[in-house]
Amino acid sequence: MSAPFVDCAEMEDDPAEEDLADAGPAEPEEVWRSTAADPSPSHRRCVIHIDIDCFYAQVEMLERPELRDKPLGIQQKNIVVTSNYAARARGVGKCCLVTEALQACPDLVLVNGSDLTRYRRMSARIHRLLTRFSRRVERLGFDENFLDVVEAATRAAGGPPVAAPPGHALGSADSCSCGCSARLTAAASLAADVRRALREELGITSCAGIGFNKLLAKLAGATHKPDQQTVLFFGGVNELLLSAGAVRSLPGVGSRTAAQLGDLGVRTTADLRRATPAQLRPLGSAATVTALRALAFGVDPGEVKPSSAALSIGVEDGFRRVDSVEECEVKLRELARRVLVLLGEDGRTPTVLKLSIRRYNREDYGRFRESRQTKVPPSLFARWREREREVGDRLLAEAMVLLKKMLKDEPFHLTLLGLAVTGFSEHSGSEKAGIARFVQKAASSATKRKSLDDATGDDAPPGGVDPAVWESLPPDIKSELIRDQEVGPSKKQKQRSIASFFGGSIDSKSGGGSGTGPEDWDPDVFSQLPPDIQFELKMARRSAGRGAPSGDKKVSPRGPTAAGAAAGAGTAGRARNGSILKFFKK
């Protein structure tokens with residue numbers, strides 16, 4: 001499950017680090033005051049942590065009710081990533097090998113959970129439901145959410161008193177006089193309403209923890225599972241933290257930090273409380289040490305941050321070994337298809353494609369991940385559902401070019417490939433990337449005096465187009481502009497194996513992103529075009545030059561001329577009769 005903190009070992013050092021050599025152990029109140037957002041321990045906030053019970057398994061059981069009473073495991077590759085409680089009772093652990101799971105439970109039902117689409121959809125539905133109860137909902141992974149309900153709890157606490165909070169309670173409600181107990185009791189009632197709504201509307205059961213910060217709410221929710229809730233009052237904080245045992249059980253202490261603490265003789269929460277800042281100095285800066293020790297006292301000044309739309313959308317595929325370009329192409333083609341499915345559900349238009357790989361390393365498996373990215377024109381995704389195969393091929397081509405740059409023609413052993421899109425724009429790429437705007441009339445008094453609405457005849461230009469330019473356009477270009485006043489990417493090209501990119505790079509005169517065109521194009525005009533239009537024009541020129549022998553990877557600098565197109569010669573130039581390239585000639 002996701003933790004609300006980053007691994008402390010990965011925090012950057014504080015350049016203004018203070019000298020901790022002579023500092024003694026801090027008492028709990030000192031830690032509270034040095035890290036809490038408010039003076040003394042702040043109990044002002046009310047946080048609910050919602051954790052969905054065996055999330056993947058629940059989604060599967062909702063779709064197949066006959067599995068509800070059977071031991072069920074969700075399989076990804078050769079790992080059982082999670083299971084329902086019937087399987088856990090039979091000894092099936094989390095993230096165990098399939099062979100081990102079947103040994104523990106021979107009648108275990110395995111369901112392939114490699115496609116995360118259904119899980120993403122359910123997670124989004126859960127998040128939308130939770131936002132009805134609070135404006136501040138922070139999403140952690142698919143199955144966890146934090147809700148800041150201090151406003152609703154404060155209002156409810158001012159009403160008729162509640163005898164006892166629903167569910168379990170840790171600590172006495174009379175242990176603090178600041179009013180936090182009444183707010184937490186009201187928040188517990190609200191948590192019960194949230195869980196009831198999840199169960200009745202979505203068929204999902206969940207656990208809830210209620211506390212006055214995210215750390216304590218998460219710890220409280222883990223004490224009673226499944227389908228239960230626990231509220232933690234101030235009087236139960238110390239008991240809960242000390243009973244947590246291993247320091248690794250604290251949210252925010254990752255495996256690397258736990259190992260470093262173990263090397264320093266700090267293995268339990270009690271050890272961490274007793275440790276001096278000087279003893280923890282090897283872990284990092286003074287701020288890192290203070291924040292880490294604060295966890296042992298239940299201090300978490302972090303606010304619940306409302307989750308916004310994802311900054312990136314991507315998928316990954318892990319495997320034991322891939323060492324050929326052809327295998328990479330097959331896997332990346334499938335990843336590109338899945339990315340397009342997710343994009344269709346999201347509705348935004350990306351501008352960046354990112355490729356990630358992980359090379360095999362026997363000594364430190366999993367940490368050698370590399371990424372590289374490239375820009376993609378928003379126009380590529382205009383009406384992509386109508387040409388899904390073409391767009392998928394284009395994404396695959398871009399990914400393979402990135403892969404070539406990362407592998408550098410050297411032998412490789414990959415254990416993961418990932419493909420993601422990011423850099424989302426709010427508007428559809430078709431609104432900005434079409435070429436129609438380049439034939440718009442200049443804003444001059446002369447042209448403003450003539451209204452195109454008065455134009456007559458079947459060949460009349462669309463509104464806003466300069467008639468002089470319109471007359472020089474080929475018929476097929478006119479048809480496209482009349483139809484939707486925009487032109488998307490270049491016409492469909494014959495599908496060819498993307499592995500051929502590894503036989504030679506795209507020539508600089510036909511690639512993208514240089515800002516200069518072939519030598520027979522007017523550089524002043526071409527340089528003023530947006531990058532995505534430059535790229536489309538270059539790709540069109542490269543396509544026009546494929547009549548060259550296969551051994552010659554470079555594109556001829558001379559494309560089809562207007563005269564050749566008009567003559568209708570039966571050559572490669574004829575196929576580009578409607579090309580707009582000639583309008584950029586010197």
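Note that the coordinates shown come from a computational prediction; the quantities given were computed from them, not determined experimentally. Sequence positions, counted from 1, serve as the residue numbers for this chain.
One distance of note links CZ of Arg68 with CG of Asn84; it measures 9.5 Å at 0.5 Å rounding. Once rounded to the nearest 0.5 Å, the distance linking CG of Leu242 with CG of Asn238 reads 6.0 Å. One distance of note links OG1 of Thr99 with CG of Asn78; it measures 8.0 Å at 0.5 Å rounding. We find the OH-CG distance between Tyr85 and Asp53 to be 4.5 Å, quoted to the nearest 0.5 Å. Taking OG1 of Thr82 as the reference point, atom CD1 of Ile74 lies at 7.0 Å (rounded to 0.5 Å). For the atom pair CG of Leu97 and CD of Gln75, the computed distance is 10.5 Å after rounding to the nearest 0.5 Å.
A donor-acceptor distance shorter than 3.5 angstrom exists from the side chain of Thr290 to the backbone of Ala286, with no hydrogens or angles considered. Side-chain atoms of Asp174 do not come within 3.5 Å of backbone N or O of Cys176 as any donor-acceptor pair. Looking only at distances, a side-chain donor or acceptor of Thr422 sits under 3.5 Å from a matching main-chain atom of Leu311. Arg90 places no side-chain N or O within 3.5 Å of a backbone atom of Ala104 that could act as its donor or acceptor partner. Counting only distance, with no hydrogens or angles, the side chain of Arg139 and the backbone of Ser307 share no donor-acceptor pair below 3.5 Å. Without hydrogens or angle criteria, Thr154 side chain to Val150 main chain gives a donor-acceptor distance under 3.5 Å. Judged by distance alone, with hydrogens and angles left aside, the side-chain atoms of Thr269 form no donor-acceptor pair with the main-chain N or O of Ala244 at under 3.5 Å. Side-chain atoms of Ser243 come within 3.5 Å of backbone atoms of Leu240 as a donor-acceptor pair (strictly under, hydrogens ignored). The backbone N or O of Ala246 lies less than 3.5 Å from no partner atom in the side chain of Thr268, so there is not a single donor-acceptor pair.
Across Arg196, Arg132, Arg125, a single residue satisfies salt bridge (charged side-chain N to carboxylate O under 4.0 Å, His left out) together with Glu201, and that is Arg132. A side-chain contact (heavy atoms from CB on, under 4.5 Å) with Ile126 is found for exactly one of Val137, Asp143, Ile52, namely Ile52.
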* To do: Show your working on side chain to side chain contact (heavy atoms under 4.5 Å, CB included) between Arg273 and Arg293 and close with a plain yes or no.
  => CA-CA 6 Å; Arg273 284 190 171 195; Arg293 295 186 65 237; over 6 Å; no
* Would you check, one step at a time, whether the test salt bridge (Lys or Arg N to Asp or Glu O under 4.0 Å) holds for Lys225 with Asp51? => CA-CA 10 Å; Lys225 289 187 172 186; Asp51 186 2; 3.1 Å; yes
* Criterion salt bridge (Lys or Arg N to Asp or Glu O under 4.0 Å) on Lys331 and Glu334, from CA distance to verdict -> CA-CA 5 Å; Lys331 291 189 176 296; Glu334 173 61 17; over 6 Å; no
* Asked: salt bridge (Lys or Arg N to Asp or Glu O under 4.0 Å) between Arg195 and Asp227: does it pass, once the steps are laid out?
  -> CA-CA 8 Å; Arg195 295 176 53 244; Asp227 196 20; 2.9 Å; yes
* Begin with the C-alpha distance, continue with both residues' side-chain angles, and end with the deciding distance and a verdict on side chain to side chain contact (heavy atoms under 4.5 Å, CB included) for Glu144 and Lys218. => CA-CA 10 Å; Glu144 295 185 64; Lys218 183 175 175 68; 2.6 Å; yes
* Step-by-step salt bridge (Lys or Arg N to Asp or Glu O under 4.0 Å) determination, Asp300 to Lys214 -> CA-CA 7 Å; Asp300 175 15; Lys214 293 197 293 184; 5.4 Å; no
* To do: Take Thr276 and Arg281, measure what side-chain hydrogen bond (donor to acceptor under 3.5 Å, both in side chains) needs, and give me the verdict at the end.
  => CA-CA 9 Å; Thr276 66; Arg281 179 70 173 269; over 6 Å; no
* To do: Could you go through the side chain to side chain contact (heavy atoms under 4.5 Å, CB included) check for Val237 and Phe297 one step at a time?
  => CA-CA 8 Å; Val237 171; Phe297 294 104; over 6 Å; no
* To do: Kindly indicate, with the supporting measurements, whether the criterion side chain to side chain contact (heavy atoms under 4.5 Å, CB included) is fulfilled by Val47 and Val149.
  => CA-CA 6 Å; Val47 178; Val149 295; over 6 Å; no
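Sparse packing is recorded around CD of Glu239, with 12 or fewer heavy atoms of other residues, nucleotides or ligands lying under 6.0 Å away. Sparse packing is recorded around CZ of Arg135, with 12 or fewer heavy atoms of other residues, nucleotides or ligands lying under 6.0 Å away. Applying the 6.0 Å contact sphere to CD of Glu151 captures no more than 12 heavy atoms from other residues, nucleotides or ligands. Taking a 6.0 Å sphere around NZ of Lys77, one finds it holds more than 12 heavy atoms contributed by other residues, nucleotides or ligands. Within a 6.0 Å sphere centred on CZ of Arg199, heavy atoms belonging to other residues, nucleotides or ligands number more than 12.
Checking His413 against Arg321 by side-chain atom types alone, a donor-acceptor pair falls below 3.5 Å. With no hydrogens or angles considered, no side-chain donor-acceptor pair links Arg44 and Asn213 at under 3.5 Å. Between the side chains of Tyr119 and Gln58, no donor N or O sits under 3.5 Å from an acceptor N or O. When only modelled atom types and interatomic distance are considered, Arg358 and Thr415 share a side-chain donor-acceptor pair under 3.5 Å. A donor and an acceptor atom, one from each side chain of His224 and Gln229, are nowhere located under 3.5 Å apart.
Nearest heavy atoms, Cys328 versus Leu403: CB-CD2, 3.6 Å. Across every non-hydrogen atom of Asp271 and Arg274, the tightest pair is OD1-NH2, 2.7 Å. The minimum heavy-atom distance linking Pro165 with Ala169 is given by the pair CG-CB, 4.3 Å. What you find for Gly141 and Ser123 is that their closest heavy atoms are O-OG, 4.0 Å. Summarising the geometry of Ser172 relative to Phe233, their closest heavy-atom pair is O-CB, 3.5 Å, with the distance given to 0.1 Å. Ala220 and Thr230 make their closest contact through O-CB, 3.4 Å (heavy atoms, listed as atom of the first residue, atom of the second, distance).
At least one side-chain heavy atom of Cys46 sits less than 4.5 Å from a side-chain heavy atom of Leu184. Residues Arg183 and Cys178 are in side-chain contact: their nearest non-hydrogen atoms beyond the backbone lie under 4.5 Å apart. With contacts defined as side-chain heavy-atom distances shorter than 4.5 Å, the pair Leu261/Leu283 qualifies. At a threshold of 4.5 Å between non-hydrogen side-chain atoms, the residues Lys354 and Arg372 do not count as touching. Side-chain contact check for Leu417 versus Ser356: every heavy-atom pair is 4.5 Å or farther apart. In this structure, the side chains of Arg359 and Leu414 come closer than 4.5 Å at one or more pairs of heavy atoms. A 4.5 Å side-chain heavy-atom check between Leu332 and Leu355 finds at least one atom pair inside the cut-off. Considering only heavy atoms from C-beta on, Leu190 stays 4.5 Å or farther from Leu147 through its side chain.
In this structure, Arg45 forms no cation-pi arrangement with Phe212, as its terminal cationic atom is not both closer than 6.0 Å to the ring centre and no more than 45° off the ring axis.
Annotation: side-chain contact (heavy atoms from CB on, under 4.5 Å) contacts of Leu340 (sequence neighbours excluded): Leu343, Phe381, Trp384, Glu388, Val391, Leu395.
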